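Comments concern the structure below.
Keep in mind that what you see is a predicted model, and the values were worked out from it rather than measured. When reading the values below, keep in mind they use all heavy atoms of this one structure, side chains included, and skip hydrogens, waters and symmetry mates.
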Amino acid sequence: MQVTTLSPEHQQFIHHTQKWVKAVIMKYNICPFARKEVENNSIRYVVIEQTKIKMAIKNLISECQLLNTQDKIETSLLIFPRGFEGFYDYLNLVDRANDALLDNGYEGQYQLASFHPDYCFEDTDQKDAANYTNRSPYPTLHIIREASMEKALSEYQDPESIPERNIAFARKKGSDFFEKLLAQCHK
């Protein structure tokens with residue numbers, strides 16, 4: 001699902017992100033639930049231009065409010081092309097975004113997944129290929145409906161193995177493989 005009247009630049013940010021979802025997340029089954037939503041056209045892609053955390057959080061809450069009224073949108077990807085390029089600035093946004101979900105009564109309704117071009121898991125070397133399971137073309141917050149996630153997980157055999165499987169796959173393929181994939185998403 002896309003919003004109409006987007007600027008060419010915003011269309012490009014969305015195109016790059018859609019390409020990443022299809023060419024990385026879906027193709028290599030990083031998220032085994034992505035294919036269904038891509039095929040159902042139920043992912044909303046939103047470009048957020050705000051570079052200040054307070055305004056970015058307002059956009060996040062507005063998106064949650066929209067999801068409350070739009071059952072056909074299963075999930076939203078909030079793309080931040082500017083302002084959160086630094087990974088630690090982005091982590092601050094993620095922390096504040098999670099706090100905002102709690103403060104606005106969305107605990108148990110929505111949860112966030114986070115993606116960033118420089119994503120690095122805690123206690124992991126920056127060059128570890130495992131980080132690519134959460135690397136994206138732009139800093140991105142993924143709003144997930146918890147009820148949908150619980151249903152999908154209940155229908156998936158051994159969901160606890162997903163992160164370990166992804167890490168093993170990423171390390172097997174290596175950082176160079178994923179660097180090239182991400183670079184192709186920007187074309």
Side-chain angles (χ1 to χ4, degrees), residues 17-45 60 63-64 67-68 71-80 87-88 90-182 185:
T17 303
Q18 288 173 323
K19 213 169 170 184
W20 165 72
V21 168
K22 290 177 183 171
V24 179
I25 302 303
M26 193 171 98
K27 181 175 181 178
Y28 294 102
N29 207 28
I30 301 297
C31 174
F33 317 112
R35 178 174 304 281
K36 176 183 173 193
E37 304 316 326
V38 168
E39 290 173 352
N40 289 340
N41 196 31
S42 60
I43 302 172
R44 180 172 147 87
Y45 297 85
L60 168 75
E63 190 66 17
C64 290
L67 287 171
N68 282 343
D71 291 340
K72 290 183 181 181
I73 302 170
E74 183 57 41
T75 191
S76 292
L77 291 174
L78 305 182
I79 304 160
F80 295 88
F87 186 57
Y88 293 107
Y90 174 74
L91 287 179
N92 190 28
L93 170 66
V94 172
D95 286 342
R96 297 274 303 274
N98 279 313
D99 289 344
L101 289 180
L102 291 172
D103 294 345
N104 286 275
Y106 290 119
E107 182 179 19
Q109 188 174 0
Y110 299 111
Q111 63 179 268
L112 299 176
S114 60
F115 302 94
H116 190 279
D118 295 322
Y119 199 95
C120 186
F121 290 106
E122 190 173 352
D123 299 326
T124 302
D125 185 87
Q126 180 70 26
K127 295 181 183 194
D128 188 333
N131 295 314
Y132 282 93
T133 63
N134 284 64
R135 289 195 179 165
S136 58
Y138 306 100
T140 302
L141 289 177
H142 179 194
I143 304 173
I144 303 166
R145 293 179 188 271
E146 285 202 19
S148 298
M149 180 55 68
E150 287 173 14
K151 182 177 186 281
L153 289 172
S154 73
E155 297 171 356
Y156 190 84
Q157 187 175 355
D158 195 20
E160 297 81 19
S161 69
I162 295 169
E164 292 84 17
R165 177 188 50 101
N166 287 341
I167 288 169
F169 172 75
R171 286 179 175 156
K172 180 181 175 186
K173 287 298 202 178
S175 294
D176 289 344
F177 173 81
F178 283 101
E179 281 180 35
K180 289 175 186 171
L181 276 180
L182 275 178
C185 293

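Heavy atoms from other residues, nucleotides or ligands lying under 6.0 Å from CD of Q126 number more than 12.
Ring-plane geometry between H142 and F115 is classed as tilted, the angle between the planes lying from 30 to 60 degrees on a 0 to 90 degree scale. Between H116 and Y90, the ring planes are tilted. Angles from 30° to 60° get that label.
Looking at heavy atoms from C-beta onward, K173 lies in side-chain contact with F169 at the 4.5 angstrom threshold. The closest side-chain heavy-atom distance from T75 to R145 is not below 4.5 Å. At a threshold of 4.5 Å between non-hydrogen side-chain atoms, the residues I162 and P32 count as touching. Side-chain contact check for P137 versus P117: every heavy-atom pair is 4.5 Å or farther apart. The shortest side-chain heavy-atom distance between L112 and I144 does not fall under the 4.5 Å cut-off. Under the 4.5 Å side-chain criterion, counting only non-hydrogen atoms from C-beta, L101 is not in contact with E107.
Residues that satisfy the salt bridge (charged side-chain N to carboxylate O under 4.0 Å, His left out) test with E122, not counting sequence neighbours, are absent from this structure.
Residues R135 and D118 are not paired through a salt bridge, judged by the lack of any N-O separation under 4.0 Å between the basic side chain and the carboxylate. By the 4.0 Å N-to-carboxylate-O rule, K36 lies too far from E74 to be salt-bridged with it.
Results of the side-chain contact (heavy atoms from CB on, under 4.5 Å) test with Y110 over L60, N104, I143 single out I143 as the only residue that passes.
The two residues C120 and N131 come nearest to each other via the heavy atoms CA-OD1, 3.2 Å. Closest approach of G174 to A129, counting heavy atoms only: C-CB, 3.7 Å. Pairing each heavy atom of I30 with each of V24, the nearest pair is CG1-O, 3.7 Å.
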Inset, instruction - Evaluate the side-chain contact (heavy atoms from CB on, under 4.5 Å) criterion for residues F87 and L91: first the C-alpha distance (whole Å), next the side-chain angles of each, then the deciding distance (0.1 Å), finally the verdict. - result: CA-CA 6 Å; F87 186 57; L91 287 179; 3.6 Å; yes

Legend entry - Verdict with supporting geometry, D128 and R171, side-chain contact (heavy atoms from CB on, under 4.5 Å): CA-CA 7 Å; D128 188 333; R171 286 179 175 156; 2.6 Å; yes

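T140 places a side-chain N or O within 3.5 Å of a backbone atom of Y138 that can act as its donor or acceptor partner.
Ring centroids of Y28 and Y132 are separated by 6.0 Å or more, keeping the two rings apart. When ring centroids are compared, Y119 and F121 come within the 6.0 Å threshold.
Of the N and O atoms on the side chains of Q109 and N68, at least one donor lies less than 3.5 Å from an acceptor on the other residue.
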